[in-house]
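Note sheet for the following structure.
The structure displayed is predicted, hence computed values, not measured ones. Letters go in sequence order (proteins before strands), and every chain restarts at 1. All values below come from the heavy atoms of this structure, side chains included, with hydrogens, waters and symmetry mates left out.
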Amino acid sequence: MFERVDQKVNFPELEKQLMGKWKDENTFQKSLELREGKPRFIFYEGPPTANGKPATHHILARAFKDLFGRYKTMKGFYVERKAGWDTHGLPVEIEVEKKLNISGKFEIENEIGIERFNELCRQSVYQYVEDWVAFSERMAFWQDYEHAYWTLTPDYIQSVWWALSEMWKQDLIYKGFRVAPYCSRCATPLSNHELHLGYQDNVPDPSVYIRFRLKKDQPGARRAHFDKTSILAWTTTPWTLPGNVALAVDNDVDYIKVKEGDEFLILAEPLLSVLKEEPHVVERVKGHDLVGLDYEPLYPYSVPEQGRAQYVVDADFVSTEEGTGVVHTSALYGVDDLRLCQEKGIPFKHTVGLDGKFLPYVDKFAGLHVKEADPLIIDDLRERGLLYKAETTLHTYPFCWRCSTPLIYYALDAWYIRTTERKEELIANNAATNWVPAHIKTGRMGDWLQNNVDWQFSRSRYWGTPIPIWICEGCDEKRCVSSSAELGLKDDVDLHRPYIDEITLKCEKCGGVMRRIPEVLDVWFDSGAMPFAQRGYPRQGKEIFEQTFPADFISEALDQTRGWFYSLLVISTLLFKQNSYRNVICLGLVVDPKGKKASKSRGNVLDPNFLFDNFGSDAVRWFFFTSTQVGENYRTGTDTLRETVQQFFIPLWNCYTFFVTYARLDNFDPDRPAVPLEERHVLDRWLLSRLTGLVTSVNGGLDAYDAIEPARRIQRFVDDLSNWYIRRSRRRFWKSQSDSDKAAAYQTLYETLRTLCGLMAPFTPFLADAIYRNLSDERSVHLTDFPSGLAAEDPAIEVAMARARQAVEAGLGARDAARLKVRQPLAGIALPGEPLPEDIAAIVREELNVKTLTFGASEVKLDTVITEELKLEGLAREVVRAIQDRRKKLGLNVEDRIDTRYDADGLLVRALQRHADYIRNETLSVTLGPGREAGFDGEQMMLEGEQIWIGLKRSS
RNA sequence: GGGCCGCUAGCUCAACUGGCAGAGCGCCGUGCUGAUAACGCGGAGGUAGGUGGUUCGAGUCCACCGCGGCCCA
C-alpha cells in the first residue's frame, strides 16, 4: 500500500528526509556493492581547493559529475567515486594571511615563521573540507568522502615527486628566468592581480634619449658608412642601461639617418619629431638594413666573455608610437627583452640584486638602489657625451600595493618543464579526446596548445609540495629526489616546509653539501598528478592505478582549460604518452541574471544554502541541466529557480499525488496481472509509446554525454503526462466500477511514474527516490537498473493524437470566438482534414464538449444552436460544478459521500430533475432532492442568471 | 593585440543538414478545474546586434564591425 502523500510538498524538507534514509541505509555504498566485479566506468574528481566555503557555481560541476556517476552505475558499471581535496597553494595562503591580518613574504618569514604559517594553512584546509563535505552531501553528490585523496599527505607528495623525477630523467626540467613585476622592499614578485591593485597615474619618471655609437669596424662594406654615427634609443628606466645587451628595431619600418652638427643619428621616420633640431635627412633605410650592426657598449658590465651582444636585432614588439623606434634591450628587466634575448641567443647576466641595488661588480653604481641610481646614470652618460636629451615624463606606473615601493620588472630564477619539446604529442592526445562541447578541442584548448610555452612550475611560496631538487653548494651539481626514502626519511614524515628545507644531501660528485631549492610546486601540478597520486603510485597502488587509467569521464568549468584539463594532459602525456581522460564536459560559468560574473563586491552572489532551503538542491541541479547549452553561461537567479519548481517539480508531484490518492482509494495492487497492451485504452497506448521514445532518447543522450536534451525531453514528457494523459484519463480513475479499463489506467500510470523515476534518478536524485520508494515498498531507485528497452512504440497513435490535440486547439479557439463556454454542450463541430480513429475522436468530442465531430470541412465550423436539451445539459454541468465547489469549501474528501438539497426554479429545476443521475454520480451524492432542510450547509448563488440555493452534508 | 563562445519577443531560452521565426515566464482578455501553487484558448509583443556578400531562398554559410563573457598577451 502506498503512503498518503501531501499535495502541498516542501521539497527541501523532503530532501533532508532522503539524506537521512541514504545515510541510515548506506545507499551509496550499496549502489557500489551492487556493481562490484562489473566493468568499471572511470571517473576522476577534480579536487576543489579548500580555501573557502563552497558557492553556488560549485553546484554546477558537481551536478554534472554526479549525473554521470549515477547514470553509469544504474547502467551496470562499477563507478568508483573517490573524493579529492586540493589543499595547497596561494589561495590557501591568502586565506590565512587574511585571518592573521598580514601579507607577504616579510611578515610570514619574520613575524609568523614558515612553520606556524604552514600549520595554519593545514588547519584552514581541514576546516573548509568539512564545509565542503556537508555541502556536497546536501546536493546529493555521491562520493566516497571517507577515502578522499588529499594533496598534502606524504603519500600524495611522494607520488608528485616521482612524477617530477621521471620528467627530470627525461631531461625535461630546466632552470631559467622569469620576468615579473617585483617589489624590491618586500623581495617578492607580484601576481597579475596584485599588480593591478597598485597602478598610479601621472607618475614622473626620467625620459632619456641615448646615443649608441656604432662601431667603426663593422663587417664588410658597411665600415666607413657609420663613422660618427649613433643609433638613438629611448628609455624611462635609465637604471636598466648598464644591463643593455642589444637594440631592437622593426624590420619593416623606415629609419632615417640625419645629420646634426658633425654627427649622424639614426631613428625611425615616424618619430623624427623627438629631435632637437629640424631634421637634415641624409639617408633612409629599412629596419632590416640595420640588423646586425655592432655598437659600443655603454658600460662594460654586461659585455659577455663568450658570445655576441651589443648589436642590432629585429623584434616584433617595436613601437613607433613613442621613443625613437629603437628599443633598448636589457635582458633581465623586461618580459619582451628576456624573450628576445633567448630567441637570439644573446648572453646576459644580472646587474641588479634581489634587494633592488646594483651588484658589486657594477662598480660605478654598486650598492645604490636602482631608483637612486637613475640621476647618477644620466649624469654619467651626459658627461661622456652619450646622452642626447633628458626630460621628465608623466605616465601610469605600478607600485607595490602593500608598501608603495615602485615596482620593477625583474628576472627571477624559475624552473620549467620543457613542454614545448612534446607539443605535437600534446596536440595529438588532445585531438584524441572527446570534448563536450566539441569546439573547445580545436578552439580554446587547441589554441592554447598551439601557443604552448614551457610550464613554469616553481612558486616562491610556502604552503605547497616542496620541489624535490637539491643543488650542491660547491659544484652546482643538481639532483631530483623521488621519495622520502631517498632522503633517509620515513614514509609518513611531513614533507612540507620548513622541515624539508633542513634536509641536506651529500654531493656524489664533489662531496659538498646539497641544499633544496626553496621553491614549492605550482598547485596545478598537484592536481594534474591525481590519476596516480591518489593511489600513492608507484610506491603503492600499482594495480588499482593501472585499472583506473585513463578516466572515462571528467567535468569542470571552462576556466580549467589552462588549469586542470591542461595539467592532466601534460603530466600524463609526458609520463604515460596518453591523455588521462577520454571524455570531458566543459561547463560554462554561473553568472547573475544580467550575465555578470558573481562577486561579493557586486553583491550578486547567490548563497547555495539559501537556494537549497528555498527551492531544494534538485531544483538547482535541474536548472543547470535544462537551462542552457553546455559551455554557455548560466544566468542564475531566484526567479528562474522559482520557475523551475513551478513548471516542473510541482506538476510532476501532482501527477504523483493524483496517482497515490486514487490508488489508495481503489486499493490498487501493482502485482495483479497486467492488462495486455493491445487491450488498453488508446490514451494508455499513447502514453506508453511516448514513454518508450523518451527512454530511448534519454539513454542515447546520456551515452553521448548530453544532459540537456534528455532533461528537456523529460520535462516535455511530464507536461504531456500531466496536461493531457491525466487530464483526459481522470474519469477512468474516478468511475465506481473496477473494470479492466480502470486497471489498465492504474497500471499505465504506475509503470510510467516508476519508469520516470528511474530516468530522473541521476538528474534529481532526491525527488526521484522519494516518489519511487513510495511506489516500490521503500526500495531505492538508486539501486535499480536504468530504464531501457521499452517496446510500446506506436507511431500511428502518436501522429493521430497530435492531430487530435490540434483539433482540440482549433475547436477551443472557435468556441472562444463564438463566446460559448466549454461547459455548454453543443451539437457538433466540423473540422478540416481526414477523419480520426473513433477512440481518439471520442477524446476530442469530450474535450470540446460536442455531440458530433465530423471531418472534411473547408474550415472549422461550430454548430452554435443551443437547443433546450443542450441548455439543460449545460445547466446540469453548472450545478455539478457548483456542488463540487461547495464540497471543496466544506473540506470534504474526494471519496466522501454526501446528501444534496437544492432550492431553485425554472430551467434549473428541470435540469436538476432531468440529469439527476448524472449529478448524483459526479458529486457522489447519495440523495439529491429539493428543499432547504436543516443540517445542510448551504449557499445561495447565481447560475446562468438564475438563483439557486445548494446545501450539502456528509452522508452518514 | 590574439583566441574561443554568445547576441532571436519585456525576461529565460528553442528551431536536424539553408526552406512559412517558436516555447515558457510576465502582461491583457477569456475559459476549464474534486490531482494541479497547475492548465486551455485568444491577444499584444520581433527591422533575428549592425553592415555587406554567397544563394531561387539566410536566424542558419562567408567577411567586416559593435556589445557581452571567458582566457591569453
Steps toward salt bridge (Lys or Arg N to Asp or Glu O under 4.0 Å) verdict (A:Glu944, A:Arg823): CA-CA 11 Å; A:Glu944 291 290 286; A:Arg823 220 176 284 142; over 6 Å; no

Protein-nucleotide distance (A:Arg730, atom CZ; B:C39, atom P), rounded to Å: 14 Å

Nearest-nucleotide 5' precedence on RNA chain B, A:Arg562 against A:Ser627: A:Ser627

Among B:C39, B:G31, B:G69, the nucleotide that comes nearest once only the side chain of A:Arg444 is considered: B:G69

Ion pair A:Arg716/A:Glu709, N-O distance below 4.0 Å: yes

Protein-nucleotide distance (A:Phe717, atom CZ; B:A23, atom C1'), rounded to Å: 19 Å

Phosphate OP1/OP2 of B:A35 contacted by A:Tyr662 side-chain N/O (<4.0 Å): yes

Base partner of B:G42, which must satisfy Watson-Crick or wobble distances under 3.5 Å: B:C28

A:Gln647 vs B:C39: side-chain N/O to OP1/OP2 distance below 4.0 Å: yes

Side-chain donor/acceptor of A:Arg881 to base of B:U33, under 3.5 Å: yes

Residue-phosphate contact under 4.0 Å: A:Lys821 side-chain N/O, B:G40 OP1/OP2: no

For B:G57, the Watson-Crick or wobble partner whose two distances fall under 3.5 Å: none

Presence of salt bridge, A:Arg444 and A:Asp447, under 4.0 angstrom: no

Opposite nucleotide pairing with B:U33, Watson-Crick or G-U, both atom distances under 3.5 Å: none

Touch class at under 4.0 angstrom, heavy-atom based, for A:Asp639 against every strand present: nothing

B:A15 - base-pair partner by Watson-Crick or wobble geometry, distances under 3.5 Å: none

Complementary nucleotide of B:C67, counting Watson-Crick and G-U pairs under 3.5 Å: B:G6

Phosphate OP1/OP2 of B:A14 contacted by A:Gln629 side-chain N/O (<4.0 Å): yes

Counterpart base for B:G1, defined by Watson-Crick or G-U wobble contacts under 3.5 Å: B:C72

Phosphate contact (B:A35 OP1 or OP2) by A:Trp734 side-chain N/O below 4.0 Å: yes

Touch class at under 4.0 angstrom, heavy-atom based, for A:Arg712 against every strand present: sugar-phosphate

Separation of the C1' atoms in B:G24 and B:C39, to the nearest angstrom: 13 Å

Side-chain-base donor-acceptor pair under 3.5 Å for A:Ser722 and B:A38: no

Sugar-phosphate only, base, or nothing, as touched by A:Val822 at under 4.0 Å among non-hydrogen atoms: sugar-phosphate

Reading 5' to 3' through nucleotides 60-67 of chain B, protein heavy-atom contacts under 4.0 Å coded B for base, S for sugar-phosphate only, - for none: --------

N or O in side chain of A:Gln646 less than 4.0 angstrom from B:C25 OP1/OP2: no

Distance below 4.0 Å between A:Arg823 side-chain N/O and B:U33 OP1 or OP2: yes

Sugar-phosphate only, base, or nothing, as touched by A:Asp447 at under 4.0 Å among non-hydrogen atoms: sugar-phosphate

N/O donor-acceptor pair under 3.5 Å between A:Tyr750 side chain and A:Leu775 backbone: yes

Side-chain N,O (A:Arg877) to OP1/OP2 (B:U33) below 4.0 Å: yes

